[in-house]
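See structure below.
A, B, ... follow the sequence lines: proteins, then strands. Residue 1 opens every chain.
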Amino acid sequence: MQAKGACPNQYTLSSVYKCCSFDSNLQFGKGVHAWMLRHGVDVDVVLGNSALDVYLKCNAFQYAERLFELMDERDVVSWNIMIGAYLRFGDVEKSLDMFRSLPCKDVVSWNTIVDGLMQCGYERRALEQLHCMVEYGTEFSDVTFSIALILASSLSVLELGRQLHGMVLKRGFGSDGFTRSSLVEMYCKCGRIDKASIILRDVPLDFRRKGNVGVTSKETKAGIVSWGSMVSGYVWNGKYEDGLKAFRLMVRELVVVDIRTVTTVISACANVGILDFGRHIHAYFQKIGHRVDAYVGSSLIDMYSKCGSLDGAWMIFRQINEPNVILWTSMISGCSLQGQGRQAISLFEEMLNQGIRPNEVTFLGVLNACSHAGLLDEGCKYFRMMKDAYCINPGVEHCTSMVDLYGRAGCLTETKNFIFENGLSHLTSVWKSFLSSCRLHKNVEMGKWVSDMLLQVAPSDPGSYVLLSNMCASNHSWDEAARVRSLMHQRGVKKQPGQSWIQLKDQIHTFVMGDRSHHQDKEIYSYLDTLIGRLKEIGYSPDAKLVMQDVEEEQGEVLISHHSEKLAVVFGIINTAHRLPIRIIKNLRICTDCHNFIKHVSQLLDREIIVRDIHRYHHFNHGSCSCEDYW
DNA sequence: ATAGGGTTAG
């Protein structure tokens, strides 16, 4: 254009700025500005604002600041841009000062300040500003509702969410797709998935399959977001089965199931441990032609390793091959989870060689790996590396892992010192881990002391009593064990009910102890009785005394034989082909008797059985378990 | 000009 000698008008220049902003092309943006000055073009407020936008998109904060100072004329847009910029670049006070001194605040000014404060982690201050906005009399826009609903969910203030919901309806935003999706998300995050699903029911059907292939209107996108939020909502609230049901409905009804929803669902599969469904989704994902990116890849790696298929995890990891921390961390944690401690460590070293900077989660994976493999020196080395070389402050989880590491290696005095030196004596998880170590290394005296500490710190945690009772039982102090149990009853501490899950075809079957509600109930119990008889012949002896689980109240041989994981295992044996591994998920720690039972089953029936309990992963084969009887 | 979903750990 310049070569032809035509003179660009302001409209053209503004468009040029838009392009620079889109491409983050700072050089070109600066060039345009210089050209305007050289040719004496009148830089009006709109062009000035466009230039501000380009500089900020390119992270050239100083340029923007200087331009703002030099502008002859500024409007509310210029101010809003700068207020937002100061928040994003971390100068919250400066931003608030500017905001307060702004005489002509519009709705965007308010939206910017509320959202910015929230993004900076000042949620309470954001809420204050929202209240000021109401007092000031500024009408909410759709954007205000989105921001405010997110604020309500991040503060987990259902009451605020409800009020906003009322305002949304009154102001006529109830049919706006994105506002509705924010409402769905707010209710999910505040734990009211019932409310969320009612709103979802009103989501119009026009984005469904009928005659609408390939169309992605704003409403379509909003509908997908709502459904995606609903699926994630189920997942966040632990309602995995409902989440998967909603996802299936989505696959059946929708034109597109997008990559973000898929990520959430894979993560749901990982958490509930249903490998088959995860595999289906993986296949479905490839069928619709999406590339597996680092997000989906990390969740797939996590899913495969948590479902006991480390091969699957490696396949994904090699296939993606990106220097992404989370991707590597997922693989390291996966190895660690499966008891492949040394493998996890060598992967970590390779990661460092490739120049990828580990984060706090990576170190947690590595420390757990060391603990699992009993590598005390390495564990200490990495703990120091984390603090000194990477300036990461050890969190509760890292410290618990170290306590586990020392304890498992039998260094009980060091464990004790570590706890006090690092100020961890208020943490339940730390004392629990320590107590397990005392039990493992049969140090009764230390165990008693630790028990006292544990009960002081966590008098209402059922797990404390269970551990304690188990320790007494393994020392044959039956009276003591009984005393612990009655203390627990006296104090009104209730144990969480134990549950086990197994997936068959596309159905998830849930079992609780003594469950009689299953339709194959008779078959399961009679097979279980026969099986126990046969197991006794090869050396299994049910030991009720060793098994006050994290779960069941009652003791006695009959009741322990009906623990949920035994029911689930038997259900698996009855209903699946002989060659296939049986995969069980359990919501608590597996008890000693069930562990023993499953070891013998794997031997008697020559069957691979994989149990994932709350703590770790048990891979039973030929009569032994991958955890080497430590969990 | 302002927002609007996702990954690892626990």
What contact category does [X] fall into here, base, sugar-phosphate, or nothing, at under 4.0 angstrom with non-hydrogen atoms?
{"X": "A/Thr261", "answer": "base"}
{"X": "A/Asn368", "answer": "sugar-phosphate"}
{"X": "A/Asp106", "answer": "base"}
{"X": "A/Asp302", "answer": "sugar-phosphate"}
{"X": "A/Val76", "answer": "nothing"}
{"X": "A/Glu360", "answer": "nothing"}
{"X": "A/Ile332", "answer": "nothing"}
{"X": "A/Thr329", "answer": "base"}
{"X": "A/Lys306", "answer": "sugar-phosphate"}
{"X": "A/Trp236", "answer": "sugar-phosphate"}

Got a sec, which residues hit side chain to side chain donor-acceptor pair (under 3.5 Å) with A/Asp75, two or more places apart in sequence or on another chain?
-> A/Asn49, A/Ser78
For A/Thr400, which residues count as a side chain to side chain donor-acceptor pair (under 3.5 Å) partner, sequence neighbours excluded?
-> A/Ser429
Using residues 104-118 of chain A as the side-chain source, report each donor-acceptor pair under 3.5 Å to any protein atom, sequence neighbours left out, with the distance given to one decimal.
| unit_1 | atom_1 | unit_2 | atom_2 | d |
| --- | --- | --- | --- | --- |
| A/Lys105 | NZ | A/Phe99 | O | 3.4 |
| A/Lys105 | NZ | A/Leu102 | O | 3.0 |
| A/Asp106 | OD1 | A/Asn80 | ND2 | 3.2 |
| A/Asp106 | OD1 | A/Val108 | N | 3.2 |
| A/Asp106 | OD1 | A/Ser109 | N | 2.9 |
| A/Asp106 | OD1 | A/Ser109 | OG | 2.7 |
| A/Ser109 | OG | A/Asn80 | OD1 | 2.8 |
| A/Ser109 | OG | A/Asp106 | N | 3.0 |
| A/Ser109 | OG | A/Asp106 | O | 3.3 |
| A/Trp110 | NE1 | A/Thr138 | OG1 | 3.2 |
| A/Asn111 | OD1 | A/Thr144 | OG1 | 2.7 |
| A/Asn111 | ND2 | A/Val107 | O | 3.4 |
| A/Asn111 | ND2 | A/Ser141 | OG | 3.4 |
| A/Thr112 | OG1 | A/Val108 | O | 2.6 |
| A/Asp115 | OD1 | A/Gln119 | NE2 | 3.3 |

In residues 393-400 of chain A, which ones come under 4.0 Å of DNA chain B, going by heavy atoms?
-> A/Glu397
What's the spacing between A/Ile585 CD1 and A/Leu275 CG if we round to 0.5 Å?
-> 9.5 Å
Stacked cation flag A/Arg260 on A/Tyr295, 6.0 angstrom / 45 deg = no
How far apart are the C-alpha atoms of A/Ile150 and A/Lys189, what are their side-chain angles, what is the distance that settles it, and do they pass the side-chain contact (heavy atoms from CB on, under 4.5 Å) test?
-> CA-CA 9 Å; A/Ile150 293 168; A/Lys189 287 196 173 155; over 6 Å; no
Salt bridge between A/Asp97 and A/Lys94, side-chain N to carboxylate O under 4.0 Å?
-> no
Show me the side-chain donor-acceptor pairs of residues 365-372 of chain A shorter than 3.5 Å, one per line, residues at least two apart or across chains.
| unit_1 | atom_1 | unit_2 | atom_2 | d |
| --- | --- | --- | --- | --- |
| A/Asn368 | OD1 | A/Ser401 | OG | 2.8 |
| A/Asn368 | ND2 | A/Leu364 | O | 3.3 |
| A/Ser371 | OG | A/Asp404 | OD2 | 3.2 |

The single option from A/Phe348, A/Phe363, A/Tyr390 passing ring pair (Phe, Tyr, Trp, His ring centres under 6.0 Å) against A/Tyr382 = A/Phe348
At the 4.0 Å heavy-atom cut-off to chain A, mark where contacts on DNA chain B begin and end, going 5' to 3'.
-> B/dA1 to B/dG10
